Amino acid sequence: SQTIHQWPATLVQPVGSPLSLECTVEGTSNPNLYWYRQAAGRGLQLLFYSVGIGQISSEVPQNLSASRPQDRQFILSSKKLLLSDSGFYLCAWSAPGLAGAGSQYFGPGTRLTVL
Amino acid sequence: AQSVTQPDIHITVSEGASLELRCNYSYGATPYLFWYVQSPGQGLQLLLKYFSGDTLVQGIKGFEAEFKRSQSSFNLRKPSVHWSDAAEYFCAVGSRSNDYKLSFGAGTTVTVRA
């Protein structure tokens, strides 16, 4: 069966510090990978998605970047955090193409607080 | 562009009572529709999905949803709510033309009272 991991679970960082959140998927190959941000009381905003190694699409302009160095690893980064980067970050995966057809499976999330 | 509206921000229901959560979508062609549930501080869990065929779909935890094209709706229902159903529920829409990326509604928080 497939499993998705995210770490850390909780993170408190000062403004201007760097960020690295990691997501890994087990039990599947060539998944589509996604990073979402969920602000308090709001829905999910898609930040990045990837259909393969080194292939990253950015959905919104922002202070963040993403990388996919391996097939089942997805990293969310920032060089300098802003207060507005606080939120709950969720990684998700889906099977590629029609096989997945949008059925996404989510990790447990990372709660980021920028002070 | 695809979008989802969940008209109800918060619903309170008694344990054992029925529950219906509303979802309206906007998309020109046949959408792929999903319901997810999120417990506090957790990730999202897929409850059910509609791609094609029978418009009444069954999901996990006793939930079902009905796709009504004429009303652009995909409402979620459960006949008898349990205290463990207290959570936030998200409706989402995707499409092949949009690379199967999902657009999520703002969510409905369900409170279950004893």
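Predicted model, so just to flag it, every value in this text is computed and none were measured. No hydrogens, no waters, no symmetry mates; every other heavy atom, side chains included, goes into these values.
One hydrophobic cluster, built from ILVMFWY side chains closer than 4.5 Å, cannot hold both A/Ile75 and A/Leu81; they sit in different ones. Clustering ILVMFWY residues whenever any of their side-chain heavy atoms sit less than 4.5 angstrom apart, transitively, puts B/Leu19 in the very cluster that holds B/Ile60. Linking ILVMFWY residues whenever their side-chain heavy atoms come closer than 4.5 Å, directly or via other members, places A/Leu64 and A/Leu83 in the same cluster. Residues A/Val15 and A/Leu76 share a hydrophobic cluster, clusters being chains of Ile/Leu/Val/Met/Phe/Trp/Tyr side chains in contact below 4.5 Å. A single hydrophobic cluster is seen to contain both A/Tyr36 and A/Val60, as judged by linkage of ILVMFWY side chains at heavy-atom distances under 4.5 Å, directly or through other members.
Listed in order of number, the residues of residues 106-115 of chain A that approach chain B to under 4.5 Å between heavy atoms are A/Phe106, A/Gly107, A/Pro108.
With sequence neighbours left out, the ring pair (Phe, Tyr, Trp, His ring centres under 6.0 Å) criterion links A/Tyr89 to no other residue. Listed by chain and residue number, nothing satisfies the salt bridge (charged side-chain N to carboxylate O under 4.0 Å, His left out) test with A/Glu22 (two or more places apart in sequence, or in another chain). Shown here are the salt bridge (charged side-chain N to carboxylate O under 4.0 Å, His left out) partners of B/Glu20, two or more places apart in sequence or in another chain: there are none.
Going from atom OH of A/Tyr49 over to atom CG of B/Leu102 covers 12.0 Å, rounded to the nearest 0.5 Å. Atom CG of A/Leu44 and atom CD of B/Gln38 lie 7.0 Å apart (nearest 0.5 Å). Rounding to the nearest 0.5 angstrom, the gap separating the OH atom in A/Tyr105 from the CG atom in B/Leu44 is 13.0 Å. Put simply, OH on B/Tyr32 and OG on A/Ser103 are 10.0 Å apart, with the number rounded to the nearest 0.5 Å.
The main-chain N or O of A/Gln104 is found under 3.5 Å from a side-chain atom of B/Tyr36 such that the two form a donor-acceptor pair.
No side-chain heavy atom of B/Gln42 sits under 4.5 Å from any side-chain heavy atom of A/Phe88.
Neither the backbone nor the side chain of B/Gln6 comes within contact range of chain A; no heavy atom of the residue lies under 4.5 Å from a heavy atom of that chain. Proximity to chain B is limited to the side chain of A/Gln38, based on heavy atoms less than 4.5 angstrom apart. With a threshold of 4.5 angstrom between heavy atoms, B/Leu46 approaches chain A through side-chain atoms but not through N, CA, C or O.
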